[in-house]
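Below is one structure, written out as structure tokens, with a few remarks after it.
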Amino acid sequence: MEDGFEAVKFQDSDPEKGTWYRYIYTNPTSPQPAYIPPLQSFFVGKAVASSPVYSVRMSPEWTTTAPPDLTEGYRLRSAEATESGVLHLRASQGNRTSYAALHFDRNASPEYNSREDVRALFYDENPLTVYALTALGEPLAIHANGDFELQTTGLGLRIRNAGEVTLAFSGMERFGHDVYLLDREANRTIPLNETPEYTFTVVKASGAAVEINDRFALRMQYTGVWNEAVEVQAETLTVTSLKGEIHVRSTGGMIRELQVYNLAGALVYATTEAATEYRIPAEGGQVYIVRANIDERTETRKVRVGEGN
């Protein structure tokens, strides 16, 4: 690949498949060359968001199953391997199909994170696009979250044509949740573990694409049937509530920026005054998302402020 693209390697551990490695991007001309495991899918991201987009060049010579830093080689995904913790969503209308996915990861943040999520892409030429919405209203094609049970997950559709649309869900048997589809317009709740498909009709008055992003949502109840090995890390940012206040404390560095959002996505507090502790008045009986920029990294926490605490 050309210079200007970001190199990211990460490792996943699964109690059934063991440890396996994936490279989202690797530059073989870099000072520390690495390789791409064959038969893998990955996303390419720019190193600098404002930089121009150059051509992307790939070569089979850059793939290997035995990288020099791993004595046992890559452990690749098998076609027979059972996927855990992923809920697949397919929207179809005639011969048009679009896909999105929800990934249950206990360490994932509820808002967009480039290491966890993939933004939904919209083009006028695409007649149908389905996506998930974060609590802040960010449209994602792949949405990872560590607590889907905390709130409903909005679903959106961008569609050009009128007619019947079918939403189909798969992977629920190993997703670790009972999942319910909420159709607010029809005032219906569909248990997807029992009925994994739902068909509705889109009525349009013009040829322009329409957004349907306030009709459907997913409600989930964690069942605990999916078990994942979780790496325990020291807590560097603690967020608690006491007596109508949100208490934020950092033990991993100075907080340079701090934002607090409610679940509707509205910003209720923000400051760029550097500190390691904050006390923020908040409305009782509400859940908030706290985002802190600690030195050069960003951490996110959820906190509920009790009615009378």
Side-chain angles (χ1 to χ4, degrees), residues 82-105 108 110 112 117-226 263-265:
T82 302
E83 189 174 52
S84 295
V86 179
L87 179 65
H88 293 276
L89 167 60
R90 182 183 77 247
S92 56
Q93 184 186 48
N95 61 354
R96 307 174 183 92
T97 306
S98 178
Y99 298 90
L102 302 180
H103 179 205
F104 175 52
D105 181 348
Y112 171 75
D117 309 301
V118 175
R119 293 189 186 277
L121 300 179
F122 301 99
Y123 300 99
D124 290 338
E125 292 78 8
N126 285 354
L128 177 65
T129 305
V130 65
Y131 50 89
L133 290 164
T134 69
L136 303 181
E138 300 151 307
L140 302 178
I142 300 177
H143 175 30
N145 197 337
D147 194 355
F148 282 115
E149 190 177 35
L150 178 66
Q151 64 187 65
T152 59
T153 300
L155 299 181
L157 283 164
R158 189 176 190 269
I159 190 166
R160 275 207 330 238
N161 303 311
E164 285 192 345
V165 177
T166 297
L167 301 177
F169 300 82
S170 60
M172 284 168 292
E173 64 277 2
R174 294 182 61 82
F175 187 52
H177 296 75
D178 288 334
V179 186
Y180 301 86
L181 175 66
L182 310 180
D183 184 343
R184 299 187 179 101
E185 183 176 302
N187 194 25
R188 294 187 61 189
T189 299
I190 298 91
L192 295 178
N193 297 68
E194 302 173 6
T195 308
E197 292 190 4
Y198 184 70
T199 300
F200 65 101
T201 301
V202 174
V203 179
K204 294 174 75 278
S206 67
V210 297
E211 297 283 345
I212 304 174
N213 53 21
D214 57 0
R215 175 173 177 174
F216 297 105
L218 296 177
R219 178 170 57 84
M220 306 187 200
Q221 183 176 357
Y222 181 61
T223 61
V225 298
W226 179 57
L263 289 187

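At most 12 non-hydrogen atoms from other residues, nucleotides or ligands lie less than 6.0 angstrom from CZ of Arg188.
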key: Worked verdict on Leu102 versus Leu218 for side chain to side chain contact (heavy atoms under 4.5 Å, CB included)   = CA-CA 11 Å; Leu102 302 180; Leu218 296 177; 3.6 Å; yes
message = Go through it in stages, so that I can follow the logic: the residues are Asn161 and Arg96, the test is side chain to side chain contact (heavy atoms under 4.5 Å, CB included), and I'd like the CA-CA distance, side-chain angles, deciding distance and then a yes or no.
response = CA-CA 10 Å; Asn161 303 311; Arg96 307 174 183 92; 3.4 Å; yes
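The side-chain hydrogen bond (donor to acceptor under 3.5 Å, both in side chains) search around Arg119 returns none, not counting sequence neighbours. Taking Tyr99 as the reference, nothing meets the ring-ring contact (aromatic ring centres under 6.0 Å, His included) condition, with sequence neighbours excluded. Residues satisfying the side-chain contact (heavy atoms from CB on, under 4.5 Å) test with Asp214, not counting sequence neighbours, are none. Scanning for ring-ring contact (aromatic ring centres under 6.0 Å, His included) contacts around Phe148 gives His143, Phe175, with sequence neighbours left out. Residues passing the ring-ring contact (aromatic ring centres under 6.0 Å, His included) test with Phe200, sequence neighbours excluded: Phe216.
The shortest non-hydrogen separation linking Val130 to Ser98 is N-OG, 3.0 Å. Nearest approach of Thr129 to Leu121, heavy atoms of both residues: CG2-O, 3.9 Å. Of all non-hydrogen atoms in Ala162 and Gln93, the two that sit nearest each other are O-NE2, 3.3 Å. Between Thr97 and Ser92 the shortest heavy-atom distance is OG1-CB, 4.1 Å. Contact between Leu128 and Ala91 at its shortest, heavy atoms only, is CD2-O, 3.4 Å.
Distance check, rounded to the nearest 0.5 Å: CD of Gln221 to CG of Asn193 gives 10.0 Å. Atom CE of Met172 sits about 11.0 Å away from atom NE2 of His88, to the nearest 0.5 Å. Rounding to the nearest 0.5 angstrom, the gap separating the CD1 atom in Ile159 from the CG atom in Asn126 is 12.0 Å. Atoms OH and OG1, on Tyr180 and Thr152 in that order, are 15.0 Å from each other to the nearest 0.5 Å. Once rounded to the nearest 0.5 Å, the distance linking CD1 of Ile142 with CG of Asp117 reads 8.5 Å. In this structure, the separation between OG1 on Thr153 and CZ on Arg219 is 12.0 Å, given to the nearest 0.5 Å.
Contact annotation: the side chain of Leu181 never approaches that of Thr195 to less than 4.5 Å [non-hydrogen atoms, C-beta and beyond]. Residues Tyr112 and Leu136 form no side-chain contact, since every pair of their non-hydrogen atoms from C-beta on lies 4.5 Å or further apart.
With hydrogens and angles ignored, the 3.5 Å screen pairs a side-chain donor or acceptor of Thr223 with a backbone N or O of Gly176.
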May I have the list of side-chain donor-acceptor pairs in residues 163-170 shorter than 3.5 Å, sequence neighbours left out?
| unit_1 | atom_1 | unit_2 | atom_2 | d |
| --- | --- | --- | --- | --- |
| Thr166 | OG1 | Thr199 | OG1 | 2.9 |

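Between Phe104 and Tyr222, the ring planes are tilted. Angles from 30° to 60° get that label.
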